[in-house]
Amino acid sequence: MTFQLRVFRPAHFLLAVLALLLLPAAAMAQSYPELPASYVLDEAGVLSDAQETELAEAVAKLKTDTGVELAVVTVMSTADYGGFDGLEAFTTGLFNEWGLGDEEKGDGILVFLARADREVRIELGTGLEADYGKESARIIDEVMLPAFREDRYGDGVTEGTQAVIARIATPYATPASATGGEPAAASGDGASEGGGNGGAILGGIGAAIVALIGFVVFKSKQAKANRTCEACGAKGQVEIKRRTVQDSTETSTGVGEQITTCGACGHSSTERYTISKKSKSSSGAKTGGGKSEGGGASGKF
């Protein structure tokens with residue numbers, strides 16, 4: 001019988017360990033919802049049926065009249081989709097995932113509300129960001145935040161979107177000479193390469209493992225730290241869980257429950273929300289391939 005002795009390679013071993021450690025992170029990896037054919041996605045259930053219909057019609061008319069693609073999105077928290085690196089990074093990624101706006105003009109717009117995170121953002125395409133960033137901030141401050149602070153989320157989203165159409169999309173599309181910017185340059189994730197010795201390789205892999213674990217833990221805690229208890233005012237103690245009570249279908253809305261619990265005072269509340277109907281052609285929505293480089297404005301309430 002012949003035995004073959006294999007040489008132990010620390011670098012290969014650590015790579016295998018790194019792969020195993022990445023499995024939990026992969027489960028939490030960032031993902032994005034699908035773009036509905038209506039360009040209106042109300043995952044947070046803040047819009048009434050009338051408001052959702054009004055927005056869908058306004059968005060469709062805007063695209064027909066001017067060619068500008070505008071999407072309206074509400075979610076409970078970006079953390080539900082693995083968005084632990086901040087609102088701007090998440091909305092820019094979502095914008096580019098959907099390819100809103102014309103590829104050459106860069107005229108796409110995304111109105112985005114994260115209700116539980118208490119954050120709102122207007123994300124602009126590359127052709128809009130230079131001239132309309134300040135106007136986006138004014139719309140958020142003057143129209144949207146006052147409504148959100150009074151828990152009138154549906155009004156804030158609807159009126160804010162109408163203001164975006166009137167004060168950004170329509171003025172931009174009016175001049176015949178309006179041109180867009182270049183598509184955003186793709187940015188790859190750099191991977192550190194080892195030097196000429198095994199120690200550098202092992203050190204780099206170990207540092208990557210520690211950094212990855214630390215980043216995921218930090219961002220999870222940061223999302224929780226932004227929440228404030230409505231009963232005692234404590235920050236960083238509020239846990240939010242959601243569950244589906246009734247699934248939505250292509251013909252009817254569904255029902256979900258959001259359960260909020262404060263670890264400081266024990267206050268707990270349960271709130272039901274509407275889950276939007278499933279769109280038959282959600283995965284078939286066609287966009288112009290536009291890009292965003294992070295232009296726009298954000299607000300907190």
Side-chain angles (χ1 to χ4, degrees), residues 30-63 68-83 87-101 108-125 140 144 147-148 153-165 169 240 242 244 246-258 271-290 292 296 298:
Q30 185 163 291
S31 61
Y32 298 110
E34 290 185 342
L35 173 64
S38 65
Y39 284 69
V40 179
L41 178 64
D42 185 27
E43 286 289 331
V46 302
L47 300 172
S48 66
D49 289 344
Q51 288 172 329
E52 188 167 352
T53 299
E54 177 184 345
L55 286 176
E57 291 176 351
V59 167
K61 186 176 188 302
L62 175 69
K63 186 174 181 179
V68 174
E69 289 182 339
L70 186 154
V72 182
V73 178
T74 77
V75 300
M76 293 305 296
S77 174
T78 58
D80 294 337
Y81 295 95
L87 179 66
E88 181 178 331
F90 183 85
T91 53
T92 301
L94 177 62
F95 188 110
N96 292 334
E97 174 75 12
W98 287 353
L100 295 173
I109 304 173
L110 172 64
V111 178
F112 188 93
L113 168 68
R115 179 179 174 184
D117 298 338
R118 303 186 69 82
E119 291 185 292
V120 61
R121 180 165 177 80
I122 298 173
E123 184 84 15
L124 302 176
I140 289 174
M144 305 182 82
F148 295 154
Y153 299 105
D155 293 341
V157 171
T158 302
E159 294 168 8
T161 302
Q162 291 170 339
V164 167
I165 292 173
I240 295 178
R242 290 197 298 161
T244 300
Q246 179 180 336
D247 290 325
S248 63
T249 67
E250 294 178 352
T251 58
S252 63
T253 58
V255 179
E257 279 188 347
Q258 175 181 298
E271 181 180 359
R272 289 203 165 193
Y273 58 90
T274 302
I275 301 174
S276 300
K277 297 178 183 178
K278 293 181 179 179
S279 174
K280 294 181 180 179
S281 57
S282 62
S283 60
K286 302 297 183 182
T287 59
S292 173
S298 303

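We count residues from 1, following the sequence as given.
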So do [Y] and [X] actually touch side chain to side chain, heavy atoms under 4.5 Å?
X	Y	value
L55	S38	no
D155	Q51	yes
T74	Y153	no

(request) Apply side chain to side chain contact (heavy atoms under 4.5 Å, CB included) to F112 and V75, showing your working. (result) CA-CA 8 Å; F112 188 93; V75 300; 3.6 Å; yes
Work out which heavy atom in [X] is nearest to a heavy atom in [Y]; give both atom names and the distance.
X	Y	value
R121	I140	CA-CD1, 4.4 Å
V111	L70	CG2-CD2, 4.4 Å
D117	S77	OD1-OG, 2.9 Å
V157	T161	O-OG1, 2.7 Å
G288	E69	N-OE1, 3.3 Å

Check whether [X] reaches the backbone of [Y] with its side chain - one donor and one acceptor, N or O, closer than 3.5 Å.
X	Y	value
D42	G45	yes
T78	L87	no
T287	G99	yes

[atom1]-[atom2] distance between [X] and [Y], expressed to the nearest 0.5 angstrom:
X	Y	atom1	atom2	value
Y39	L62	OH	CG	11.0 Å
F90	E119	CZ	CD	11.5 Å
I122	L113	CD1	CG	11.5 Å
L100	F95	CG	CZ	5.0 Å

(request) Under the side chain to side chain contact (heavy atoms under 4.5 Å, CB included) rule, what do Y81 and E43 come out as? Steps first, then yes or no, please. (result) CA-CA 12 Å; Y81 295 95; E43 286 289 331; 3.7 Å; yes
(message) E34 vs L41, test: side chain to side chain contact (heavy atoms under 4.5 Å, CB included). Steps then yes/no.
(response) CA-CA 9 Å; E34 290 185 342; L41 178 64; over 6 Å; no
(request) Given side chain to side chain contact (heavy atoms under 4.5 Å, CB included), test W98 with V73 step by step and report yes or no. (result) CA-CA 12 Å; W98 287 353; V73 178; 3.5 Å; yes
(request) Could you check S292 against E123 for side-chain hydrogen bond (donor to acceptor under 3.5 Å, both in side chains), going step by step and ending with a plain yes or no? (result) CA-CA 7 Å; S292 173; E123 184 84 15; 2.7 Å; yes
